[in-house]
Amino acid sequence: MTIRLYDSRAQSITDFVPLVDGEVGLYVCGPTVQSSPHIGHLRSALVYDLWRRWFTYRGLRVTLVRNVTDIDDKILNLAADTAEEWWARAYRYELEFTAGYTALGILPPTYEPRATASVSEMQAIVATLIERGHAYPAPDGSGDVYFDTVSWPTYGALTNQKLDDMVSATDADPRGKRDPRDFALWKGTKAGEPESASWESPWGPGRPGWHIECSAMSKRYLGAAFDIHGGGLDLRFPHHENELAQSTAAGDDFAHHWMHNGLVNVDGQKMSKSLGNSIFASEFLAMARPIVVRYFLAAAHYRSTIDYHDGALEEAEAALDRVEVFLGRAGRRLAGTRFVGVGSRVVSDAFAEAMDDDLNVPQALGALHDSVRRGNAALDDDDLDTAAREWQHTRAMVEVLGLDPYAPEWRGSDEGAAHTALATLVDKLLEARNSARAAKDFANADRIRADLAAAGITIEDSPSGSHWSLEQ
RNA sequence: GGUGGGGUGGCCGAGAGGCGAGGCACCGGCCUGCAAAGCCGGGCACGCGGGUUCAAAUCCCGUCCCCACCUCCA
């Protein structure tokens, strides 16, 4: 088995060969914690969670590093307008991101470094770049240090752009730049900026530029050469291009593969503050059960754009329900039989093949639903041997996708005293209904079913008894 | 202007030369006292115009349209 992935620098699918046999080092650009997370942020984190889970299922030891950018112009500016300290603001939003990830069943990364904790590592890279002639302190006394793009012949390699074709930023402040395309590695502290956001450096007090942090943190935790660098498609340029330039110009191998996840649109449009169409994580998670939200965000291929529109979550809910109903049905039927030990808890071959092929989750979901259908058909035929095999496959698949409805992270209101009380009452009503049915008193039997339905409880009759479930 | 990604049945969404992935919705049938759930079957999809081929949604040429990035952004 070989896992294949689309390398966005090579612009082609390649076999993934780890630098160290049996291990994967994966660095992912996390958010700038300046405001509340939206569904795009959730999607991005989810994509790498799925990669990580699949690598792990395939026996690789994954080191996943996802940074938190907790120092940046935006954070400083936004905090300056309020009484809140910039670091308090950053941390407050960091907690919101964590809450969103947790709610979606996204596993914590191996480590989640904050930019502010690696300033000296950043300075070391800046110093190397100056030494090698690829960076220069601005001559205007600002304390800024810029990367010299013209000095680096392969600048533009990641996004396949030529320096000459680039439209130079119209709103960029040229300050002490030699060339408008040069970017800041270090920003000198300006008047009025908080002292807490200022670090001593050989070039004067200041703070890091945006791109340098990822070069420093990936090196610190994964090494000068590591397997995969991931992030949102919108980060390819300039962020990742700049990271690549500064790390390689400083003499590091840097990432061997680049991976970019697609963005999330709303009704065909990019989410943006001016349009006011952003869907925030907290709102989105309130629109459906979190596991349904996860299914929705995971169901499209990780490289394609997801377009959220009304009804999308309902569709995801229906699709996931089908899987859940099978798991419940099969579990009840197989319990206590000798078939419960039949088969092994591994994914189906079709599923594995799809996942190996650049994490083709949509196709893998096709395989999942195939197992569900075959399992249901076997249960209809009372072929418990086949049913048990498909049940095990389904459990394994749902588990790698982080969509196991019985996993602890999705457990919520269906436990506790209230649920026990409800179960007792419903069971009593079902008993009454079944005696009515036995006596062919269908009027009463149907009235009980209607009463339960009005309370949001659905009844399913089967040869082995009646099962009830709460509409979610 | 430059660099990428797209246009697939009512909807979502894979596939990338040859049996119509899968899901949702809909229609028929089986099952059921009736339902629900499930199963079986159904609608003959690939932006458009050419071409290559025994065979094209998939390859080639042309053409139209959409989106993203080049400025902070997952």
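- Using a 4.0 Å heavy-atom distance criterion, A:H309 is classed as a sugar-phosphate-only contact.
- Of the candidate nucleotides B:rC69, B:rA36, B:rC12, B:rC69 has the atom nearest to the side chain of A:F237.
- For the P atom pair drawn from B:rA45 and B:rA57, the interatomic distance equals 9 Å after rounding to whole Å.
- You'll find that the side chain of A:P362 is closest to B:rG13, out of B:rA74, B:rG13, B:rG4.
- Distances from the side chain of A:P238 to the nucleotides B:rG15, B:rC70, B:rA74 place B:rC70 closest.
- Listed nucleotides: B:rA74, B:rG33, B:rG2. Nearest to the side chain of A:Q161: B:rG2.
- Under a cutoff of 6.0 Å and an axis angle of 45°, A:R178 and A:Y146 do not form a cation-pi pair.
- Partner assigned to B:rG1 is B:rC70, using Watson-Crick or G-U wobble distances below 3.5 angstrom.
- Residue contacts shown for A:V28 are absent, as no nucleic acid heavy atom lies under 4.0 Å away.
- Rounding to whole angstrom units, CG of residue A:D381 and P of B:rC30 are separated by 17 Å.
- Among B:rC34, B:rA74, B:rU71, the nucleotide with an atom closest to any side-chain atom of A:R433 is B:rC34.
- Comparing B:rU58 with B:rG18, their C1' atoms sit 11 Å apart, to the nearest whole Å.
- Among B:rA36, B:rC11, B:rC69, the nucleotide with an atom closest to any side-chain atom of A:E460 is B:rA36.
- Mapping A:Q363 and A:L235 onto RNA chain B by nearest heavy atom places A:Q363 closer to the 5' end of the strand.
- Nearest to the side chain of A:Q11, among B:rA74, B:rC72, B:rG4, sits B:rG4.
- For A:N261, the listed nucleotide lying nearest its side chain is B:rA74; candidates were B:rA74, B:rG13, B:rC11.
- Checking the phosphate oxygens (OP1, OP2) of B:rA74, no side-chain nitrogen or oxygen of A:K270 falls inside 4.0 Å.
- Shown here are the side-chain hydrogen bond (donor to acceptor under 3.5 Å, both in side chains) partners of A:T32, two or more places apart in sequence or in another chain: there are none.
- Ring centers of A:W87 and A:Y91: at least 6.0 Å apart, outside the cut-off.
- Nucleotides B:rU71 and B:rC61 place their C1' atoms 37 Å apart, quoted to the nearest Å.
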Stepwise side chain to side chain contact (heavy atoms under 4.5 Å, CB included) test for A:H257 and A:R9: CA-CA 7 Å; A:H257 297 288; A:R9 173 161 54 169; over 6 Å; no
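- The separation of B:rA55 from B:rC65, taken at their P atoms, amounts to 32 Å, rounded to a whole angstrom.
- Side-chain nitrogen and oxygen atoms of A:H369 include none within less than 4.0 Å of the OP1 or OP2 phosphate oxygen of B:rG22.
- Pairing for B:rG38 is with B:rC30, a Watson-Crick or G-U wobble pair whose two hydrogen-bonding atom distances lie under 3.5 Å.
- A cation-pi contact links A:R395 to A:W391, judged by a cut-off of 6.0 Å to the six-membered ring centre and 45° from its axis.
- The gap from the P atom of B:rC64 to that of B:rA21 amounts to 32 Å, rounded to the nearest Å.
- Between the NZ atom of A:K162 and the P atom of B:rG1 there is a distance of 15 Å, given to the nearest Å.
- For B:rA14, one of the phosphate oxygens OP1 or OP2 lies less than 4.0 angstrom from a side-chain nitrogen or oxygen of A:S304.
- No N or O donor and acceptor, one from the side chain of A:R373 and one from the base of B:rC39, sit under 3.5 Å apart.
- For A:N160 against B:rG2, a side-chain-to-base donor-acceptor contact under 3.5 Å is absent.
- Regarding A:R303, its CZ atom lies at a distance of 17 Å from the C1' atom of B:rA74, rounded to whole Å.
- With sequence neighbours excluded, the residues that form a side chain to side chain contact (heavy atoms under 4.5 Å, CB included) with A:T458 are A:S469, A:E471.
- For the pair A:D307 and A:D461, both in contact range of RNA chain B, the more 5′-proximal nearest nucleotide belongs to A:D307.
- When distances are taken from the side chain of A:R449 to each of B:rC34, B:rG15, B:rA36, the shortest belongs to B:rC34.
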Residues A:E213, A:N67; criterion side chain to side chain donor-acceptor pair (under 3.5 Å); working and verdict: CA-CA 9 Å; A:E213 53 172 286; A:N67 75 286; 3.1 Å; yes
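- B:rG6 sits 15 Å from B:rG17 when the P atoms are compared, rounded to a whole Å.
- Residue contacts shown for A:G30 are limited to sugar-phosphate atoms, with no base heavy atom under 4.0 Å away.
- If you check every strand for non-hydrogen atoms under 4.0 Å, A:H301 touches sugar and phosphate atoms only.
- Across all strands shown, A:R329 has heavy atoms under 4.0 Å from sugar-phosphate atoms exclusively, and none from any base.
- Of the side-chain N and O atoms in A:R322, one or more sit less than 4.0 angstrom from OP1 or OP2 of B:rC39.
- Residue contacts shown for A:D370 are limited to sugar-phosphate atoms, with no base heavy atom under 4.0 Å away.
- Of the candidate nucleotides B:rA74, B:rC39, B:rC70, B:rA74 has the atom nearest to the side chain of A:M271.
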